[in-house]
K.L.:
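Can you keep this structure in mind? I'll have questions shortly.
Each chain gets a letter, A, B and so on, in the order the sequences are listed, and its residues count up from 1.
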Amino acid sequence: MNDTVVPKVEMRNISKSFPGVVANDCVDLKLRKGEVLALLGENGAGKSTLMNVLCGLYRPDRGEIYIDGKYAEIHSPRDAQKYGIGMVHQNFKLVDSMNVLENTILGLRDEPFVPDLKRVRSRLVDLASQYHLDVDPSASIWQLSVGEQQRVEILKLLYRNAEILILDEPTAVLTPQESHELNRVVHVMKQEGKSAIFITHKMEEVMEFSDHVMVLRKGRVVDETSTAETTPKELARMMVGREVLFQIEKKPMAPGKVALELSHIEALGDRGLPALKDISFRLHAGEILGIAGVAGNGQRELAEVVTGLRRSSKGKLQIDGKDMTNKSPLEIIRRGVAHIPQDRVSVGAAGDLSVASNLAMKQYRSRPLAAGIFLLQNKILDFARTLIEKFRISTPSPKTQVKFLSGGNIQKTILAREIGAARTLMIAVYPSRGLDVGATETVRRQLVSQRDAGLGVLFFSEDLDELLQISDRVAVLFEGKMMGVFDTNTVNIDHIGMLMAGMDREAGA
Amino acid sequence: MKLLFEKRKASSVPALILVPFVSFLVSLVLTALLLEIFGANPFKTFAAMAVGAFGSSHGFAETLVKAIPLMMTGLGVAIAFRLRFWNIGAEGQLTMGGVAAAGVALFMERFLPGRSLLVGALLGGLLAGALWAGVPALLKTSLKVDETLVTLMMNYIAILYSEFLYYGPWRDPKGYGFPGSRMFSADAWLPRIMGRAHIGIWIAVALAIILWIVLKRTRWGFELQVIGASQRAARYQGIAVERNIVLAVMLSGALCGLAGAFEVTGISHRLQQGLSIGYGYTAIIVAWMSQLNPLAVPFVAIALAALAVGGDQVQMVMGLPAAMGVVMQGLILFPMLAGSLFTEYRLSVVRPESKASCPDPVEE
């Protein structure tokens, strides 16, 4: 490339360590004007740390930042803003009860005490049309979809004249169509001479969005290359440090009797509004039924109804041929139903308890872990050691508190425990969300082997590629309604995307 | 070089032993400074305190007398706190336990011959404490009513009710107008072992050990542990969260109620003023200083009791103002509580690595 041009951003020798971890070790980064750089790496590779340094949230232990070739002192997000740096975080930083306009000027110092909302609105409308960021400026944030909220975040940065936009896993919450739209927005920004860095661990996104890609592993730069000159396979190898098998071997399905049957199930959500509307389907033993849909469309509630954690207000639930409608979680566990919940840290695991306790949580009630009313601590430790080895859970000791493990290892702990208790059904809600390539592979492999062992698997995921790869059939959930069930071999991915966005079958076709 | 305050990943045994020791030294230095200001010789004062609390069989017995209710209520509070149920109603549960024990001892003589009167009184106290704690537990689990307020306010109800009884219907007609019930028959007296100290001490120590076994080694204890760590995780594992909270809090109240029963059957032998003198509140300190570990409760309870008895002694021997004893107790408690932070956290020194560790940038 053209190395004589001064880069827009240059980070030199950035090092940052946290107690016990070197998050960034002598990292160099160059971003040219009008370029999109993908920052690729597994969880814990140091991507977010590096970007938090750039946007002023962290001070590096060492290293310098240059903007347009000039040394930049960035001690706070406000400093970063001065240099035109802005970040869209994974969890949006918007005030739900305020509207788009108010959120845009929130925290701006140069707005007058009584802001001139008319001027703000006209500038926002201009920006929105310039960048194809379509939002209603007077809508309150809570009324907006996740995709629209992301647009507001980007608009906010553009309003602040950001020249360098950092996007942290921007597509994780989007439907495929919304991702394409985001790609278009990024394209316009490039033409306007703005630069962007986006954090990801998905290969497809790197190929689709970026001009350059930088791969981080264990806090160091593994390689930096032009996107056109690399392949997803090569990137994955650099990211993980070994060959990765994208394809999971799957035997043909051998469906048995009906393991789970829902007939006209309805249930209310946490706020008392209908969350599930007339849901009916059958899941056979030896089958994986994938549930597609953008998060928040009833997935959690569906999993909770099946596992007895939420009451259904109508309808019938049968597990293994027995009526289990509104039975207690314990009765359902005793029928051999395992559950990998959406919320790992406070539902799936008890962070303050040890790995051993967490592993024993489902089987402490009977032999060999208990004798009468007493728990056999030695047996529990042996049991834990076996599972730690079998599932390659990386922990200093079985007595370490779970909260000190990485996300992937917490998930492996939950997986190990639930698989041990699963006899008829496995309910897995976003089991690979946020996991790195290695841990994702483990999770997917285990789900397939549960199916091959004759369990019914209900598999929720936001990643359509993953869903279609693992599942035998796919159903789409939108606003609590089942939008249809499809055979994975014949379904069209665009059609699923349409249904996820609530577009009707006829209208979308 | 900079200092970093970080959470310990595993509890360190040297820290568990060293921290209280160093904290205690800090306490002594602070107290010594205060005593100097008041013109009292710190060494003589400390000696007087130690002698007061442990130096004579009378002093030691008095230390035990105060330690027994602190142990029982401390154990009770610790169980509830492990579930994050903030039971600050130990005082009321103790009072109701005392009232019920007195009721049995005074009016059930006909039905409970001989020593069974004592057993009945103790069981009555235990039951009353359990029920008194059961009310806020049920309100919390069924209606989500905040337990701190309910337990606290129920203390006043219990205390005023006991006053009503010994000023009113239960007042001893031959008591020359003093507020208090008549004395129980000797069948309802708890056997004493030394001075006023009674066999409650053995029961309290035994209960501490049993509770430790229950909490650490049984399935029920494990369920309570999971509930304490995360109620949502517990529910997801099929544990009956609400029922277990009610049961555990009733157990907490039962221990406090038994403490009250010990007070009336072991010390005063009647229901009278002075039953509730704050043991139930000090119990909160006992529980926290023990880090909610039942095995630590007896030691902490004895230490706090010794401070109180020794502090009284200082007033008499050294002629210091009466408030001095209480001030000294506070001065000793603060460093201990502050120090307990270091058993969970540690200070570590971070040295920045040398600048030379990055390779020289390659000029292109």
Side-chain angles (χ1 to χ4, degrees), chain A residues 3-4 12-15 17-20 22 25-28 61-63 304 307-309 328-334 339 341 343 345-354 357-358 360-362 364-366 369-377 380 396-397 399-404 417 421, chain B residues 1-11 82-84 210 212-244 292 344-364:
Chain A
D3 270 332
T4 50
R12 274 191 215 151
N13 286 341
I14 299 290
S15 293
S17 39
F18 296 103
V22 181
D25 189 11
C26 302
V27 175
D28 289 333
D61 298 338
R62 189 172 59 226
E304 286 178 351
T307 50
L309 291 162
S328 75
L330 186 56
E331 282 170 293
I332 288 175
I333 288 170
R334 290 202 162 128
H339 179 194
D343 188 343
V345 187
S346 66
V347 178
D352 285 336
L353 300 188
S354 67
S357 292
N358 272 284
M361 256 186 219
K362 217 144 216 153
Y364 71 92
R365 292 181 179 91
S366 53
L369 302 188
I373 62 162
F374 290 102
L375 284 183
L376 305 171
Q377 294 289 351
I380 289 180
S397 118
K399 293 183 176 174
T400 306
Q401 291 179 320
V402 160
K403 64 181 172 193
F404 291 119
R417 177 187 66 214
Chain B
M1 197 182 83
K2 58 182 177 179
L3 287 173
L4 198 75
F5 201 54
E6 59 179 352
K7 206 164 168 69
R8 286 178 197 274
K9 291 213 171 184
S11 57
R82 276 175 157 259
L83 291 176
R84 293 166 201 242
I210 292 170
W212 184 86
I213 293 171
V214 168
L215 291 174
K216 297 275 178 178
R217 293 282 181 265
T218 68
R219 284 165 45 192
W220 190 55
F222 183 71
E223 292 182 352
L224 296 187
Q225 229 179 329
V226 179
I227 295 172
S230 164
Q231 290 197 13
R232 292 170 67 203
R235 192 165 290 122
Y236 153 71
Q237 294 298 342
I239 295 170
V241 173
E242 282 76 20
R243 195 185 65 205
N244 278 313
L292 311 185
E344 273 207 49
Y345 291 82
R346 65 174 180 194
L347 265 180
S348 56
V349 180
V350 190
R351 287 169 203 281
E353 291 138 62
S354 70
K355 292 256 178 192
S357 69
C358 274
D360 286 330
V362 183
E363 294 301 329
E364 288 169 66

K.L.:
Quick one: what part of A:S346 sits under 4.5 Å from any heavy atom of chain B, side chain, backbone, both or neither?
P.N.:
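Both backbone and side chain.
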K.L.:
So which atom in B:Q237 and which in A:R365 form the shortest heavy-atom distance, rounded to 0.1 Å?
P.N.:
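That closest heavy-atom pairing would be O-NH2, 2.8 Å.
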K.L.:
Does any backbone or side-chain atom of A:N358 lie under 4.5 Å from a heavy atom of chain B? Answer side chain, backbone, both or neither.
P.N.:
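Neither part; nothing is under 4.5 Å.
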K.L.:
So do B:R219 and A:L369 actually touch side chain to side chain, heavy atoms under 4.5 Å?
P.N.:
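Result no, sub-4.5 Å side-chain heavy-atom pair not found.
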K.L.:
Heavy atoms only: give me the nearest A:L353-B:A229 pair and the separation to one decimal.
P.N.:
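Answer, listing the atom of A:L353 first, then B:A229: CG-CB, 3.8 Å.
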K.L.:
What part of A:A349 lies closer than 4.5 angstrom to a heavy atom of chain B: side chain, backbone, both or neither?
P.N.:
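A:A349 touches chain B through backbone heavy atoms alone.
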K.L.:
Pick one of side chain, backbone, both or neither for B:I213, based on which atoms fall under 4.5 Å of a heavy atom in chain A.
P.N.:
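When you check distances to chain A, only side chain atoms of B:I213 fall under 4.5 Å.
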K.L.:
Parallel, tilted or perpendicular: which fits the ring planes of A:Y364 and B:F222, with parallel below 30° and perpendicular above 60°?
P.N.:
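Correct class here is tilted.
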K.L.:
For A:R417, is it the side chain, the backbone, both or neither that has a heavy atom under 4.5 Å from a heavy atom of chain B?
P.N.:
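The side chain, not the backbone.
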K.L.:
Taking side chain as everything from C-beta outward and backbone as N, CA, C, O, which of these in A:S397 sits under 4.5 Å from a heavy atom of chain B? Side chain, backbone, both or neither.
P.N.:
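The answer is neither part of A:S397.
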K.L.:
Any idea which heavy atoms bring A:V347 and B:Y236 closest together, and the distance?
P.N.:
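For A:V347 versus B:Y236, the nearest heavy atoms are O-CD2, 3.0 Å.
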K.L.:
Do you know which of A:A371, A:A360, A:A370, A:G372 has the most heavy-atom pairs under 4.5 Å to chain B?
P.N.:
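The answer is A:G372.
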K.L.:
According to salt bridge (Lys or Arg N to Asp or Glu O under 4.0 Å), who are the partners of B:R84, at least two apart in sequence or on a separate chain?
P.N.:
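Residues passing salt bridge (Lys or Arg N to Asp or Glu O under 4.0 Å) with B:R84: A:D352.
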K.L.:
Looking only at heavy atoms, what is the nearest atom pair of B:G238 and A:P329, with distance?
P.N.:
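Closest pair (atom of B:G238, atom of A:P329, distance): CA-CB, 4.0 Å.
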